[in-house]
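Side chains included, hydrogens not; waters and symmetry mates left out as well; all remaining heavy atoms used. Everything numeric here is computed off the predicted structure, so don't read it as measured data.
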Amino acid sequence: MNIDKVKEKIVVIADLISENEAYLTDLDREIGDADHGYNMKKGFTKVKEAMNEDFPNLKALFNKIAMTLISTVGGASGPLYGTFFMKFAQSLGESEDIDKELFTKAFSDGVDGVIMRGKAKVGDKTMVDVLSPVADALKEDKKFSEIIDIAKENMERTKDIKAIKGRAAYLGDRSIGHIDPGACSSYLCIKSALGDLND
């Protein structure tokens, strides 16, 4: 996939995030600050605008995404998503094209960055509950359609988990019964990124 195709995918991701602003806000209203939808839409709207720029390689493109999210998305999500894309970018070198092997490496590095930054692990009811299993599935060379299903299942599973990290952790057992907003936005990004791709 070349730079132009990657740009198209990023626009699809941004549009799906924007379409789900109200839903993400509703999820966050239950266990957070009720601003995840607004913040994510704000950040990815800026990311979409940035796709009109020219980039010498994919590393520059994903670094732009990282810095845009860090500077525009409020709360914990900006630094976490920004870290993901920054680490993702670092894995790409000077490449102007990305295949499944390179994507798998970059995605895994991005997830490692999120885990290091947020100090979260699978089972803490965060975006890591979606990102980490997806990284594992990519390494196992599963089909993209399977990986999207894995992301969805793990997002839905956060409903049954007590929050250990983030603002939701203050609720203790009352956080059970609600899908984690960050897990949901991560799923939406993965669904958009991997949908319609050939394995």
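At most 12 non-hydrogen atoms from other residues, nucleotides or ligands lie less than 6.0 angstrom from CZ of R117. Heavy atoms from other residues, nucleotides or ligands lying under 6.0 Å from CD of E101 number 12 at most. For NZ of K7, the number of neighbouring non-hydrogen atoms (other residues, nucleotides, ligands) closer than 6.0 Å is greater than 12.
One N or O on the side chain of S186 and one on the backbone of G182 form a donor-acceptor pair closer than 3.5 Å. The backbone N or O of D173 sits nowhere less than 3.5 Å from a side-chain atom of K162 that would complete a donor-acceptor pair. With hydrogens and angles disregarded, no donor-acceptor distance shorter than 3.5 Å links the side chain of K100 to the backbone of F144. Looking only at distances, no side-chain donor or acceptor of S18 sits under 3.5 Å from a matching main-chain atom of K41.
Between K125 and D129 there is no salt bridge, since none of the side-chain N atoms of the basic residue sits less than 4.0 Å from a carboxylate O of the acidic one. For D124 and K119, the salt-bridge test fails: no basic side-chain N is under 4.0 Å from an acidic carboxylate O.
Distance check, rounded to the nearest 0.5 Å: CG of D112 to OG of S91 gives 9.0 Å. L24 contributes atom CG, which lies 5.5 Å from atom CG of N20 (distance to the nearest 0.5 angstrom). Rounding to the nearest 0.5 angstrom, the gap separating the CD1 atom in I176 from the CZ atom in R174 is 11.5 Å. Atoms CD1 and CZ, from I13 and F44 in turn, are 6.5 Å apart once rounded to the nearest 0.5 Å. One distance of note links CD1 of I10 with NZ of K64; it measures 13.5 Å at 0.5 Å rounding. For the atom pair CE of M127 and NZ of K165, the computed distance is 14.5 Å after rounding to the nearest 0.5 Å.
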Should Q90 and D109 be marked as a side-chain contact (heavy atoms from CB on, under 4.5 Å) after you check the CA-CA gap, both sets of side-chain angles, and the distance that decides it? CA-CA 9 Å; Q90 288 174 5; D109 288 349; over 6 Å; no
Between I179 and Y23, is the side-chain contact (heavy atoms from CB on, under 4.5 Å) condition met? List the steps. CA-CA 11 Å; I179 290 172; Y23 179 58; 4.0 Å; yes
Derivation of the side-chain contact (heavy atoms from CB on, under 4.5 Å) call for L131 and Y187: CA-CA 8 Å; L131 295 178; Y187 160 67; over 6 Å; no
Worked verdict on L92 versus K105 for side-chain contact (heavy atoms from CB on, under 4.5 Å): CA-CA 9 Å; L92 301 177; K105 170 73 166 66; over 6 Å; no
Step by step, work out the side chain to side chain donor-acceptor pair (under 3.5 Å) result for S185 and H36. CA-CA 9 Å; S185 58; H36 188 62; 2.9 Å; yes
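You'll find the ring centres of F107 and F84 inside the 6.0 Å limit.
Note on Y38: it does not cluster hydrophobically with L16, by side-chain heavy-atom contacts below 4.5 Å among ILVMFWY residues. Under the 4.5 Å side-chain heavy-atom criterion for ILVMFWY residues, a single connected hydrophobic cluster contains both V6 and L197. With hydrophobic clusters built from ILVMFWY side chains whose heavy atoms lie under 4.5 angstrom apart, V47 shares a cluster with V11. Transitive grouping of hydrophobic side chains (ILVMFWY, heavy atoms separated by less than 4.5 Å) brings L194 and I98 into a common cluster.
No side-chain heavy atom of K48 sits less than 4.5 Å from a side-chain heavy atom of M51. Contact of the Y81 side chain with the M40 side chain is registered, since non-hydrogen atoms from C-beta on lie closer than 4.5 Å. Contact check for L27 versus D180: no side-chain heavy atoms found under the 4.5 Å cut-off. By the 4.5 Å heavy-atom criterion applied to side chains, S108 and L138 are not counted as neighbours. Two residues are said to be in side-chain contact when any heavy atoms from C-beta on lie closer than 4.5 Å; S77 and N39 fail this criterion. Side chains of D99 and M1 form no contact here, defined as non-hydrogen atoms less than 4.5 Å apart. By the 4.5 Å heavy-atom criterion applied to side chains, M86 and N63 are counted as neighbours. You'll find the side chain of T68 stays beyond 4.5 Å of the side chain of I65, heavy atoms only.
H178 pairs in a side chain to side chain contact (heavy atoms under 4.5 Å, CB included) with only one of the listed residues (L171, D28, I161, I31), which is I31.
Here the closest non-hydrogen pair linking K191 and I148 is O-CD1, 4.0 Å. Between I17 and C189, the shortest heavy-atom distance links the atoms CD1-SG, 4.1 Å. Here the shortest heavy-atom pairing between F55 and I3 reads O-CD1, 3.7 Å. Across all non-hydrogen atoms, the minimal contact from L80 to V114 is O-CG2, 3.5 Å. For V111 against A135, the heavy-atom pair with the smallest separation is CG2-CB, 4.2 Å. What you find for F62 and A89 is that their closest heavy atoms are CB-CB, 3.7 Å.
No hydrogens or angles considered: nothing links the side chains of E96 and N57 as a donor-acceptor pair under 3.5 Å.
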